[in-house]
Peer 1: 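Following this message is one structure expressed as structure tokens.
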Number of protein chains: 2
Amino acid sequence: MAVIGVRDVAASAGVSVGTVSNVLNSPGKVSAGTVKRVQAAITKLGFVRNDAARQLRAGRSRSIGLVVLDVANPFFSDVARGAEERAAEQGLAVLLGNSDENIDRESAYLDLFEEQRVLGVLISPLGDVGGRLAGLRASGTPTVLVDRQTDDQNFSSVAVDDVAGGYLAVSHLTSTGRTRIAFVGGPHALRQVADRLAGARKAIAEHTGATLESIDTDSLSVLQGRAVGEQLRARNPADRPDAVFAANDLLAIGVLQAFSMLGDVQVPRDVALIGYDDIAFASAAVVPLSSIRQPSALMGYTAVDLLLREAADGEAFEHEQIEFQPELVVRESTGG
Amino acid sequence: MAVIGVRDVAASAGVSVGTVSNVLNSPGKVSAGTVKRVQAAITKLGFVRNDAARQLRAGRSRSIGLVVLDVANPFFSDVARGAEERAAEQGLAVLLGNSDENIDRESAYLDLFEEQRVLGVLISPLGDVGGRLAGLRASGTPTVLVDRQTDDQNFSSVAVDDVAGGYLAVSHLTSTGRTRIAFVGGPHALRQVADRLAGARKAIAEHTGATLESIDTDSLSVLQGRAVGEQLRARNPADRPDAVFAANDLLAIGVLQAFSMLGDVQVPRDVALIGYDDIAFASAAVVPLSSIRQPSALMGYTAVDLLLREAADGEAFEHEQIEFQPELVVRESTGG
DNA sequence: GTGGATAATTGAATCGATTCATATTTTGAA
DNA sequence: TTCAAAATATGAATCGATTCAATTATCCAC
């Protein structure tokens, strides 16, 4: 007997397959004695439900797909943890896909999740996936955008007001007397990056005399931050910005590493530095890092919640765009 | 037509379902013209393969389950990334499960993966899961232990020699003149913790005059490290250790946060500090952290590789226990 | 006891892609 | 042309849990 199935259990317990299924799914419908007998048979034979068969019949899987830009970024692992928490409350699993800021991988994960008929998809999108997601929804897979607000009323989203966040960060820099600000981040196709920069511009506009330089990076990683840091350090001190606003904490930490490695650029004396996300490591950095805090785990939790509601209500569901407000956290890196 | 299936595609392209399946799985068997016609129909109808049906027939899923102790730990996200890379090369997906050092969650993920008939399981085990895993293998799901060496020849494993790592760490501390060493870590049921402590003991034994104090933690997190740090800081300076070996970098960073928050305990002047894992944030810490480096991504990559080989060879497979050597990375926190 | 209701159980039909033995078409050698 | 071999194509049977209409058992009131 290669694989133990419900039929085997049924035979062993002396009941029908339907009854075995009922014991598994709605024990209330079955008499106590029968439940006991069937469960004994299950244990004796070591029966394990075949999820594929279950899903085939049900038409839907019991997992949620989550596509993030970078698993190595603590911000996203916090989002994932929050999502997992809410999903676990419903006995659902979260499949984690890492797009690594790569559009082909993002697309591959969406394909995979679609074939798996997941209950829904949570995505922190890289490029323009609107069409793709509309298709998904049309085929019955609801989608929630994470960390990306959208004006498209057809999607639910959970995000932080990144324009406000950028504004907070740069206002803080100018209010502490900095005037030559550099924004470090990229790619600009990421809405997070674009919005944070927009917020920065807004703050600059309100502060006459302050200037903003934008330095592009290929991704939001420690390594890219370090490269920018090296480059800034190599500049003539007079040409250097007196403050850097990095699009996330990983970049900020990279910049900080480059600055402190040789010690000739001091933070915050020579250059003030502020990041974004307020990951757990920000407060433990060489120079504790000022940052913009986002409720990351809560965002994941909320996103799954929206997803479940949409999955339950179907067509009738009113999409919600939830926007959290970011919060300025001042630490030593900006002189705080 | 609620859902588009192979039958619909077949009808639309004027071929049989068998041919559609062949186009999908072995296009070589089908004439070029037919392939084109079928693909056109697929596109036209927006057909998406139902993975559940596929798996049901195949008997196995095309994903690999990975259970880690803590997704928020960069060490494990690196392992995950390595695993994902190798899996992607074979068109497989990795399902990431976070046990959060909780034995029930670990067990729940194993249940889930078993029901999903995953191709195999990679696990960084929490407690004693030997029996459980033997059962899994018996039912055709190979398992590879990650970050845990085992003398059990029945399992493949990928690990780092943690006894050697602990030895390296503490030898480094004693060789820089430290004598009152504290080991911070827990729970000791984790083999990583026990082994690192054993290595530390070995190093102490070789250095007359050095003593080792062991401070237990509930988990390997920044928060727990901070708690220990507070506690050490509150001690009378004479009773304080002059060096701390933390069982991983998260703990070390927590300890460091506690020490530097009020500034009365200086690293490395008053207390030298060394961690374990050499995560990316170690070098960016308040005081750049000495650590023991593990080839984390390579471990994940290798683990999937072993898994695939076992899955391919079946019973005949010779289990391999691969052990990498750790490497000492000296930075400022130990005066380096 | 009996009728009527409720509770418990049954098992054939179903989900959709794949398989594989069989049937059909194409190819090219004689 | 003819025919065997090779290349293509067919479609009924299959994987295993679930569903639900139909059947049987149990219970209670009169």
Side-chain angles (χ1 to χ4, degrees), chain A residues 1-39 41-42 45-62 91 111-112 114-119 139-141, chain B residues 1-39 41-42 45-62 91 111-112 114-118 139-140:
Chain A
M1 190 171 317
V3 187
I4 308 295
V6 274
R7 325 182 70 94
D8 306 303
V9 174
S12 163
V15 297
S16 73
V17 293
T19 299
V20 175
S21 178
N22 280 333
V23 170
L24 256 19
N25 299 298
S26 24
K29 288 187 184 168
V30 182
S31 74
T34 310
V35 169
K36 209 173 299 172
R37 233 163 353 117
V38 170
Q39 272 167 347
I42 287 178
L45 300 177
F47 165 75
V48 175
R49 256 216 210 52
N50 184 324
D51 203 49
R54 204 140 95 104
Q55 282 186 205
L56 175 57
R57 191 79 240 272
R60 280 278 143 203
S61 115
R62 288 163 45 258
D111 287 343
L112 179 68
E114 192 172 7
E115 290 191 1
Q116 307 232 76
R117 303 288 195 274
V118 293
L119 213 60
S139 72
T141 306
Chain B
M1 191 171 315
V3 187
I4 308 294
V6 274
R7 326 183 69 95
D8 305 303
V9 174
S12 164
V15 298
S16 72
V17 292
T19 299
V20 174
S21 179
N22 281 331
V23 169
L24 255 20
N25 300 297
S26 24
K29 288 188 185 166
V30 183
S31 75
T34 309
V35 169
K36 209 175 297 172
R37 234 164 351 118
V38 171
Q39 272 168 349
I42 287 178
L45 299 177
F47 165 76
V48 175
R49 247 188 175 113
N50 184 324
D51 203 50
R54 205 141 95 103
Q55 282 185 207
L56 175 56
R57 192 76 241 271
R60 280 277 143 205
S61 115
R62 286 162 49 258
D111 286 343
L112 179 68
E114 191 172 8
E115 289 190 3
Q116 308 232 75
R117 303 290 196 271
V118 294
S139 72

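Computed from a predicted model, the values in this text were never measured in an experiment. So you know, we letter chains A, B, ... as the sequences are listed, proteins then strands, and number each from 1.
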Peer 1: Can you measure B:Gln55 atom CD to D:dT14 atom C1' for me and round it to whole angstrom units?
Peer 2: 16 Å
Peer 1: Among A:Thr19, A:Val38, A:Val15, which residue satisfies the side chain to side chain contact (heavy atoms under 4.5 Å, CB included) criterion with A:Val30?
Peer 2: A:Thr19
Peer 1: With a 4.0 Å cutoff (strictly under), does any side-chain N or O of B:Ser31 reach OP1 or OP2 of D:dA7?
Peer 2: no
Peer 1: Say whether, by atom type as modelled, one donor and one acceptor occur between the side chain of A:Arg117 and the main chain of A:Gly59 under 3.5 angstrom.
Peer 2: no
Peer 1: What is the distance, rounded to the nearest whole Å, between atom NZ of A:Lys29 and atom P of D:dT24?
Peer 2: 20 Å
Peer 1: Strictly under 4.0 angstrom, non-hydrogen atoms only: write out the protein contact profile of nucleotides 15-21 of chain D, one letter per nucleotide from the 5' end, B, S or -.
Peer 2: BBBBB--
Peer 1: Determine yes or no for a side-chain-to-main-chain donor-acceptor pair under 3.5 angstrom, with A:Arg7 supplying the side chain and A:Val17 the backbone.
Peer 2: no
Peer 1: Does B:Ser21 have any side chain to side chain contact (heavy atoms under 4.5 Å, CB included) partners at least two apart in sequence or in another chain, and if so, which?
Peer 2: B:Asn25
Peer 1: Checking B:Arg60 side chain against B:Val118 main chain: does a donor-acceptor pair fall under 3.5 Å?
Peer 2: yes
